[in-house]
Novice: 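The structure is given below, and queries will be raised subsequently.
Every heavy atom of this structure was used, including side-chain atoms; hydrogens, water molecules and symmetry mates were not. Below, chains carry the letters A, B, ... as their sequence lines are ordered, and counting in each starts from 1.
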Amino acid sequence: MTDVTSSLNCSESTSNADDCVRTLTRKDFQSGREVRWCPGCGDYSILAQIQKLLPDLGIRREKFVFVSGIGCSSRFPYYMQTYGFHTIHGRAPAVATGIKCANPDLSVWVVTGDGDGLSIGTNHLIHCIRRNVDVNILLFNNRIYGLTKGQYSPTSEFGKKTKSSPMGTIEQPLRPIQMALAAEGTFVARTIATDPAHLHETLEAAARHRGTSFVEILQNCRVFNDGAFDTLVGRDADEDDRIFLRHGAPLRFGPGGHKGIAERNLAPLLVDLETEQAREEELLVHDMKAPSPALAALLAALEPPHFPMALGVFRDVEKPTYDELLMSQIESLIGQRGQGDVDDLLNAGTTWEVG
Amino acid sequence: MTDVTSSLNCSESTSNADDCVRTLTRKDFQSGREVRWCPGCGDYSILAQIQKLLPDLGIRREKFVFVSGIGCSSRFPYYMQTYGFHTIHGRAPAVATGIKCANPDLSVWVVTGDGDGLSIGTNHLIHCIRRNVDVNILLFNNRIYGLTKGQYSPTSEFGKKTKSSPMGTIEQPLRPIQMALAAEGTFVARTIATDPAHLHETLEAAARHRGTSFVEILQNCRVFNDGAFDTLVGRDADEDDRIFLRHGAPLRFGPGGHKGIAERNLAPLLVDLETEQAREEELLVHDMKAPSPALAALLAALEPPHFPMALGVFRDVEKPTYDELLMSQIESLIGQRGQGDVDDLLNAGTTWEVG
Amino acid sequence: MGELVGDGKELVQVEHATVRFAGDSGDGMQLIGGQFADLASMTGNAICSFPDYPSDIRAPAGTLGGVSGYQLSFGDHRVTTPGDAPFVLVAMNPAALKVCLPEVQSGGIVIVNQDAFSPSDLKKAHYDANPLEDGTLDDYRLIPVPMTRLNEEATLDSGLSKVQRERCKNFLALGIALWLYDRPLQPLLEWMMKKFQRTPEVMAANAASLRAGYNFANTAELFRVSYEVARAKLPAGRYRRVTGNEALALGCLVAAQRTGRPLVYASYPITPASEVLHELARHKEFDVRVIQAEDEIAACCAALGASFAGAIGITGTSGPGLALKTEAIGLAVMTELPLVVLNVQRAGPSTGMPTKSEQADLLMSMYGRHGESPAVVLAAATAGDCFYMALEAVRLATKYMTPVLLLSDSFLANTAEPFRIPDSSTLPDLQLPSKPAADQFVPYRRDPQTLARPWVEPGTPGMEHRIGGLEKENETGHVSYDAENHRKMVALRAAKIAGIANDIPLAEVVGPESGDVLVVGWGSTYGAIAAATGEMQREGRHVSHLHLRHINPLPRNLHEIFPRFQRVLVAETNSGQLKMLLRDRFSAEFCQLNKVEGRPFLIREVRRAIQEVLSRD
Amino acid sequence: MGELVGDGKELVQVEHATVRFAGDSGDGMQLIGGQFADLASMTGNAICSFPDYPSDIRAPAGTLGGVSGYQLSFGDHRVTTPGDAPFVLVAMNPAALKVCLPEVQSGGIVIVNQDAFSPSDLKKAHYDANPLEDGTLDDYRLIPVPMTRLNEEATLDSGLSKVQRERCKNFLALGIALWLYDRPLQPLLEWMMKKFQRTPEVMAANAASLRAGYNFANTAELFRVSYEVARAKLPAGRYRRVTGNEALALGCLVAAQRTGRPLVYASYPITPASEVLHELARHKEFDVRVIQAEDEIAACCAALGASFAGAIGITGTSGPGLALKTEAIGLAVMTELPLVVLNVQRAGPSTGMPTKSEQADLLMSMYGRHGESPAVVLAAATAGDCFYMALEAVRLATKYMTPVLLLSDSFLANTAEPFRIPDSSTLPDLQLPSKPAADQFVPYRRDPQTLARPWVEPGTPGMEHRIGGLEKENETGHVSYDAENHRKMVALRAAKIAGIANDIPLAEVVGPESGDVLVVGWGSTYGAIAAATGEMQREGRHVSHLHLRHINPLPRNLHEIFPRFQRVLVAETNSGQLKMLLRDRFSAEFCQLNKVEGRPFLIREVRRAIQEVLSRD
Ligand SMILES: Cc1ncc(C[n+]2csc(CCOP(=O)(O)OP(=O)(O)O)c2C)c(N)n1
Ligand SMILES: Cc1ncc(C[n+]2csc(CCOP(=O)(O)OP(=O)(O)O)c2C)c(N)n1
Ligand code: SF4
Ligand code: SF4
Ligand SMILES: [Mg+2]
Ligand SMILES: [Mg+2]
């Protein structure tokens, strides 16, 4: 996202006071349009956390841009009192790249879905992450096509029965985190809409990261895939099914943190600390700065029933961003050649005078 | 690829004898069209190895189909005396999926390039691999756009100067192997056109694998990116720059295999066995069947100068294929309902008689 | 003129009636609408019906966004549209009333569930005052019925939970409507038996509600009269109800069966085409191979790959998806492979209004490809016609080795009408041309008759060959950049499509063979134009109707027909796309009727336009 | 009439000459062709030149596939095409001779490097016999020159390696051509000084070769005559040579500079549009932000995103890429954002013939979008015009908030012609309309004059708003599915584009204001049509030329012009796409000249067509 200090500066504030970042509140980010998701949709909680977070980022409201594709999730921008672009199916990362290159000072957010981002839009998502364009990508993963009323998506579990798979799907699901890691994303995290605190902290970390931040948000589709994530958080949750990643901390989970994850031949190993206290120091220690992709890959593949699903930041490393590099090439060339002069350019090369 | 035994059967052989698999030779697979790659292009060697391999697969010639997108590499099908489809840019995996679903008995090969497969075609490549459609995908990676005369590609190294990046690229390259692994490819390998033996053995392993086989073939573009892989194989090769993966064998490389790769906290570690004989048993042992993605991820990220580039099979595991599952759903439903009868279908549901 | 019925109420004969059931998404309006439609059909009426449910994301109960309606029109003669304006509206709540009332005929009957008009209900529908009391309904015959209470009583001892019982309410409303149109309950009760076999108590409760409504209407003297719509003289045969999308799916499936090849249907979900995907996915016992692709590009490419491999490759989508398929369709043109592309049009441009209907993709279907890239373009006229045009699309695609674009739209997709079930043996024969002998085979050597190249799929011994998107050398199919060859191939591809004109039905004029106005339409406007021209013909006007189902190529005989009419009125729900195609080829005096509102024509709109044209000079 | 030259040879005056240099890709033909062109220009001739190098993948040396040619036409009056047929061919090897001979005028001069006709050379060119001896060249004036040997001798003591010296051969050939057309060597020697500054020995060797060729021609009495082409009367000013693609790139860059906004050029490489990408990537000092996207969809979306963010968003491609951009262009139509799409057309359909030229994407540019989706369509007429039309495209896109498709083609892209360098202060002013005050701002409130909505980019305080592809409510821009609103918005979008007709130049008739035939063309056919009609006008025929650069909307005055001519001949290198647009709007007697061979018109082809039309009735 945009350099915070640069936009904290209130001297450039305009007449209408509410543009001064210090005074912004959650309400300032509500567009007032009637929010039109189904009752009980997980998207509401994500909207709430974003509206809660933005005032704290110290960025002037007019610098926020929300870009989305098509899907229930992609209606998001309409509800934000910021600049917004509800584009076409799967293309939001490409549109966002253009926006960021046109004005690197903007805080650009992409909202996409598991179909928008990982079916039709996979190519743009991957290349945006690979280039490390400084945008924040939120992928609402409800493991279903919501807006088109319930076909399976690339993240639907194998064998799932849906309108388009009456006998069950025959496709292995994609793991969004794995894709983002393989594209060498500099910030890759997973959170869940039903845990507002974790959602908020993860979104904030994403916002503060320079370069592409990719956040998979597990989100319940009340109408077409209800309860998909109930075992992770909430009333019917099973603590054995989730593990929260904390940088520098050993991988412990389960009731009272009595379980942990170690490794043998680079394969994950479940450790029950109640029975095997001793093996505590064998536990893997999470390192979101690890240069090698192996740890993150191991964590990304963890899934119930055999292992807990990992929530938190898988990777958070610093690399120059696409937009920075783009502008620095421009500046360095201007440094060498000076600001381009149109007449010089037109008259460059072999020329001759006629009569 | 197609079940070998099923197509070995020569009884179904037709009049023209050369269709009988036993008699096929390399020449039988040469289309006779003038091969139109630049002198010295790496593609020639790949063509030669494929034409050498196919007769040994025990598959009738008419069952081979080569499908490609657009690029120098994608001219490949024209030179094969098999069925071939030179499609449009980036779409070969999608076309191949349709072909395989229409006739699962065919041996379908996709030939693509680093631009065709990983720029415009990334989405189809990933979803084909994810679905484990039983096709063999050969990605000719010359780290450049050859046919369009030398723009950088998604695999070009950071900072590379090309026609479209006169000041050097500002994009981190994609690693094809990483992408294929993240899509949970059941067969993922890397080889190089300048090592015919390794190329041949890798292609053969790919052909024998059921499900999507993904092979990255490092290929020299003589005209627009000459020498890209010279340090790996050939006259100017540096044995420290490459390591050959062998299932079940420790990761040794370098002159006389005096170097090896171990791991600490899931990060690769270089071991010099000449100075530290002792640590030999610390070396990682390659396991292409490993259920966890960590080892493969670690290997896929190895690159000179600090580490050798890995050549060979990263992963080779068995999973049901998309086309198998598709047909088995059809068979099971026919089992339940019997062969569909059109008139029954038309008369299904509420009907009534008039007049 | 009405006759006396037993209990002193009057039974009025009407030719034709339009009824709309409207309520909350959860109220089961689609179900009872469909049942009323079937019942009307079974008892001999001609019918046409149209569901309109809330656009996309489900809105909260009781709100305007959540209203779900089902309109049907039935009569004693051919009925071709769901009707311009309901004569009877059944509204289960204030929101339904608010949404539907504007379309009801003034003087029409409005039956409401008076128990659903509490202040909070009114608020959800943005009513400040209660419309049942503030005169809003003065122009209508208001019939308030305490449906909730009646339903509760009727189902009291069903042994079901309150919630379950509440769900029977829709049958109470249906009962009232059935009495009003003098229909027997028996067939419906039988249907319930089947439908709720496994849950007899649910069955019983629904039946009780149904009877309660019927009896209440009968005894409470709600209505001074009830209406009778006589049987229509319909072609004899066995009928079922189909929507356009169901018919498309059936057509694709049956067509493939008749070619003896597997059907590979590759598609990416999109409103309003998704039901075709859903429907085909349910019939794998017909060797239907459904691929839900990652996007429309992949869907079209997979279908084309399937065609190359010898299957019937079909892909379906709507406007935004068609935009993504154009490059692959161009590849089908160059490789001369059979490919059927279903385009269920919706209102554009861009994402537009996904659930609304429009005919604005015609020129894109004709010309939306780079280079000179001719393809066959067809358009289905009615829901039932979708079935036959799907067969026609497969026939032309396989016989002429060409992509075929078949246009439907959101209106056809959802309209339901009685469909006379054909005996499959009477359907067009889709025998595929036989393959050449291996030693005769040359990939682009054409059949002199059809100009089609041979279709030889991988797996065929001795005929290995390569095709692709680069220009082909005539006959051999080798890559060629030769100028003269290119000229020839462009001409051949064009001639092949143009020649199809000799293999399609001549255009038919319905009405006088010559006269003042010929109304030319295509696609889903059939119903409204047929009704309007039919009425005016009965009134003795010299107005005829010509409906195009083949748009590229056009029927051979148009140049003979147009001159026989003073004016040709081209009616379409776009800004004049067919008109442009016709003007380019024919010189008649063309007039236009265009409507671009995301809605189909009303009959009266077509009438008005014709009258306007008649009144010229 | 010829005059005596010093050494007894004759100097013949000609109005106009066409020369082609042809050799192997490695032979440097493009270089000497370009130098000859510059020299001819500098010495006062009008010129036009066209390189044709091997299509895609590099073919082996000496083969037919590897031939690289450069043709130029120069004269004492306006020259608008590279010439129908060369009068002089310089062939460096048998392959070059074989490829080019068919186009040489019979009686023309053929200069060959006789040292390159060894049996093996002949074999590579598929010559069974030596064409220098077997009478193949009887109809021509053959001038065999031992170029290899002469070059070797001339460069003997240059101190260069044999390979390096071999490379100078092309200048020897150039020397001969310069003598033949009586040109001074001096300017060229000066250019060499600059070009080979850092390698004086290479400079010396090239100069030696050049002189050797010139002197050999002079002394060896190769030619009975040499030719003089007098100065042409060209508009005064400073000139340079530009190709169409260079001019497009310059135009985009300069246009952005004049708006004061950064240029974001997002593109995916494709023949023949890639040079625009390469050229713009070299000028980052003008704050040009070049994005090489992952595909054309991303390129178009990135350009549109950039426009939304207030930059000048431009994307460039060719047919197959345009197919992929259509959905995003539709989004630009709905969101009413400025967007310029360059389409450098190539021969289709599908992958077609990527290096060949055609004008067959016109209808796709007009109608290749779903829904009613109007956009501006422009076409550049000459290489130099590409510069001005790029400015025009940006002017219209930003003033009217609309996507603009600008058509060029492979022929224009590569044609090089002298370009009179404008003083930037004289270029059209591209001032952007000022933004409304925050309290006045409504996203879709239109300027009553232009009907454009305000362009307010993110970062502007107090005007936060949302746009998207769903239908917009008039003024507010909120999502709306309202029928009446949709009708209005469709009409407004159409009216906005139609209204641009009042802001573009009237169509100009070149030649008599009325007469027998008006030849109407668009795009790259300008040169051939201008030359043909010009000739016939000089011959007193009542033939005029009207060239369209604005195709949507069309100039206002066509309906006044067409009736003034007996016939309107629409000439285009496609199957009649512009003709269709014109027939839909105007009733004149339209005739067609169509050529679909992947090649531009020859002047004589246009003449023949006009004559044919003149001879009718
Ligand atoms: C080009 C195109 N193809 C298809 C569609 C139809 N469509 C709209 S949203 C969607 C998928 C939505 O799923 P997801 O991205 O998971 O979003 P969700 O609704 O679940 O939040 C599809 C297929 C479209 N609008 N445009
Ligand atoms: C839709 C489309 N966009 C762009 C092109 C132009 N194009 C042809 S091949 C190619 C890239 C080739 O690179 P790669 O896939 O690496 O193949 P290589 O030539 O290097 O073997 C491009 C951009 C095209 N033919 N079609
Ligand atoms: S359909 Fe599912 S995802 Fe969409 S709004 Fe409703 S609950 Fe949310
Ligand atoms: S350009 Fe490069 S990749 Fe293409 S054929 Fe030539 S050498 Fe091979
Ligand atoms: Mg989803
Ligand atoms: Mg490449």
Novice: Roughly how far, to the nearest 0.5 Å, is the CD atom of D:Glu327 from the CG atom of C:Leu322?
Specialist: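 Atom-to-atom, C:Leu322:CG and D:Glu327:CD are 10.5 Å apart.
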Novice: Can you list every salt bridge (charged side-chain N to carboxylate O under 4.0 Å, His left out) pair that touches residues 357-376 of chain C, not counting sequence neighbours?
Specialist: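 For residues 357-376 of chain C, and leaving out neighbouring residues, there are no salt bridge (charged side-chain N to carboxylate O under 4.0 Å, His left out) pairs at all.
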Novice: Considering only heavy atoms, which portion of D:Gln577 lies under 4.5 Å from any heavy atom of chain C: side chain, backbone, both, or neither?
Specialist: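 The side chain, not the backbone.
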Novice: Is there a side chain to side chain contact (heavy atoms under 4.5 Å, CB included) between C:Leu470 and D:Met353 once you walk through the steps?
Specialist: CA-CA 6 Å; C:Leu470 289 165; D:Met353 307 192 295; over 6 Å; no
Novice: Going by heavy atoms in the side chains, are C:Tyr367 and D:Ser365 under 4.5 Å from each other?
Specialist: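 Side chain of C:Tyr367 against side chain of D:Ser365, heavy atoms only: no contact under 4.5 Å found.
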Novice: Does some side-chain heavy atom of C:His370 sit less than 4.5 Å from a side-chain heavy atom of D:Pro320?
Specialist: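 Of all side-chain heavy-atom pairs linking C:His370 with D:Pro320, at least one is under 4.5 Å.
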Novice: Find the one option among C:Lys595, C:Lys579, C:Glu484 whose heavy-atom pairs under 4.5 Å with chain D are most numerous.
Specialist: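 It is C:Lys579.
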Novice: Are D:Leu581 and C:Met580 close enough that some pair of their side-chain heavy atoms sits under 4.5 Å apart?
Specialist: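 Yes. Closest side-chain heavy atoms under 4.5 Å.
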Novice: Could you have a look at D:Ser575, D:Gly330, D:Ala494 and say which one has the most heavy-atom pairs with chain C under 4.5 angstrom?
Specialist: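 Looking at each of D:Ser575, D:Gly330, D:Ala494 in turn, D:Ser575 comes out on top.
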Novice: ring-ring contact (aromatic ring centres under 6.0 Å, His included) with C:Tyr268: which residues, sequence neighbours excluded?
Specialist: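 Per chain and number, C:Tyr268 pairs via ring-ring contact (aromatic ring centres under 6.0 Å, His included) with A:His89, A:Tyr145.
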Novice: Select one option (side chain, backbone, both, neither) describing which atoms of C:Ser480 are under 4.5 Å from chain D's heavy atoms.
Specialist: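 Backbone only.
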Novice: Can you tell which of C:Gly348, C:Ala360, C:Ala491, C:Ser587 has the highest number of heavy-atom pairs within less than 4.5 Å of chain D?
Specialist: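 The residue among C:Gly348, C:Ala360, C:Ala491, C:Ser587 with the greatest pair count is C:Ala360.
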Novice: Could you give the distance from CG (D:Asn485) to CD (C:Glu597), rounded to the nearest 0.5 Å?
Specialist: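 Taking CG in D:Asn485 and CD in C:Glu597, the distance rounds to 11.0 Å.
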Novice: Over all heavy atoms of both residues, which pair between C:Tyr481 and D:Pro354 is shortest? Give the atoms and the distance, please.
Specialist: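 Heavy atoms only, the tightest pair is OH-CD, 3.1 Å.
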Novice: Pick from C:Met334, C:Arg583, C:Arg487, C:His486: which one has the most heavy-atom pairs with chain D under 4.5 Å?
Specialist: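 Counting heavy-atom pairs under 4.5 Å, the top option is C:His486.
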Novice: Can you list the steps and then say if C:Val596 with D:Val490 is a side chain to side chain contact (heavy atoms under 4.5 Å, CB included)?
Specialist: CA-CA 7 Å; C:Val596 194; D:Val490 167; 3.8 Å; yes
Novice: In terms of heavy-atom pairs under 4.5 Å with chain C, which of D:Gly319, D:Gly598, D:Gly352 leads?
Specialist: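 Greatest number of close heavy-atom pairs with chain C: D:Gly352.
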Novice: Could you pull out the closest heavy-atom pair between C:Pro349 and D:Val333, with the gap in Å?
Specialist: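 Answer, listing the atom of C:Pro349 first, then D:Val333: CG-CG1, 4.4 Å.
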Novice: Would you mind checking which part of C:Ile297 comes under 4.5 Å of any heavy atom in chain D, side chain (CB onward), backbone (N, CA, C, O), both or neither?
Specialist: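 Only the side chain of C:Ile297 comes within 4.5 Å of chain D.
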Novice: Let's test your reading of the structure: which of C:Ser350, C:Ser318, C:Gly368 forms the most heavy-atom pairs below 4.5 Å with chain D?
Specialist: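 Ranked by heavy-atom pairs under 4.5 Å with chain D, first place is C:Ser350.
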Novice: Taking the side chain as C-beta and beyond, is there a heavy-atom pair between D:Leu363 and C:Met366 under 4.5 Å?
Specialist: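 They are not in contact (no side-chain heavy atoms under 4.5 Å apart), so the answer is no.
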Novice: Checking heavy atoms, do the side chain of C:Arg493, its backbone, both or neither come under 4.5 Å from chain D?
Specialist: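 Contact with chain D is through the side chain of C:Arg493 alone.
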